[in-house]
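Here's the structure we're looking at; comments come further down.
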Amino acid sequence: MSKVIWKPGTFVYPIPAVMASCGDMEKANIITVAWTGVINSDPAMVYISVRPSRYSYNIIKETGEFAINLTTEDLAFATDWCGVRSGEKYDKFKEMKLTKEKGKYVKCPLIKESPVSIECKVKEIKELGSHHMFIAEVLSINADEKYIDEKGAFDITKCNLISYANGKYFSMGKKIGKFGYSVEKKNK
């Protein structure tokens with residue numbers, strides 16, 4: 001097997017496709033983000049990277065907060081639409097028939113239809129080039145109770161989450177293992 005060398009680029013795939021909500025309950029916006037992830041466990045911290053030219057950029061910079069809303073197969077159309085339309089021209093909640101839900105710690109709305117909404121407070125903005133990274137502390141995780149199993153754990157397999165890779169959206173596959181399964185002792 002041989003590999004082909006390409007120029008440097010973004011090719012750490014798949015990654016989550018999320019809708020980040022920002023603003024306030026009256027004047028809210030949604031931006032679709034694929035450059036997102038976890039950066040620390042304690043305290044829990046995440047990031048989103050946004051181009052400064054995007055309408056949501058200044059909203060997040062000025063308010064210092066946003067919510068990451070995980071997306072599902074049912075939300076795929078809205079996820080894409082919110083990524084290609086500007087909140088300067090459209091009320092994305094209204095256009096996509098999404099429901100604003102009040103968060104506990106942030107003024108921006110959460111997306112009720114999302115199985116998980118993560119309330120975030122910006123701690124730092126790193127100017128990296130084409131995108132600026134909003135590094136944020138997680139203030140709260142809001143999980144839809146219909147995805148919580150009888151043991152009180154969140155069952156991610158029931159959500160039908162989507163991911164993004166190389167310009168396309170994909171549904172998540174089936175579970176193939178769990179953390180530490182490679183070294184577990186087998187019962188005989």
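Just the heavy atoms: all of them, side chains too, but no hydrogens, waters or symmetry mates, feed the values below.
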Side-chain donor/acceptor of Asn40 to backbone N/O of Ala44, under 3.5 Å: no

Any side-chain donor near an acceptor of the partner, Asn29 and Ser56, under 3.5 Å: yes

Side-chain donor/acceptor of Asp91 to backbone N/O of Lys94, under 3.5 Å: yes

Ring geometry between Tyr57 and Phe134 (parallel below 30°, tilted from 30 to 60°, perpendicular above 60°): tilted

Basic-acidic side-chain contact under 4.0 Å: Lys97, Glu113: no

Phe66 vs Thr63 side-chain heavy atoms within contact, under 4.5 Å: no

Test item: Asn142 and Val116 side chains (from C-beta on) under 4.5 Å apart, heavy atoms: no

Glu65 (side chain) donor-acceptor with Cys120 (main chain) under 3.5 angstrom: no

Within-4.5 Å side-chain heavy-atom neighbours: Ile15 and Thr36: no

Sub-4.5 Å side-chain heavy-atom contact between His131 and Trp35: yes

Test: Lys100 cationic atom under 6.0 Å from Phe93 six-membered ring centre, within 45° of axis: yes

Ring pair (Phe, Tyr, Trp, His ring centres under 6.0 Å) evaluation trace for Trp6 with Phe11: CA-CA 10 Å; Trp6 289 343; Phe11 214 84; 5.5 Å; yes

Check: Trp81 ring centre within less than 6.0 Å of Tyr90 ring centre: yes

Glu137 bridged to Lys123 by N-O distance under 4.0 Å: yes

Test item: side-chain donor near acceptor, Tyr169 and Asp80, under 3.5 Å: yes

Side chain to side chain, Ile31 and Arg54, heavy atoms closer than 4.5 Å: yes

Contact check, side chains of Ile148 and Asp155, non-hydrogen atoms, under 4.5 Å: no

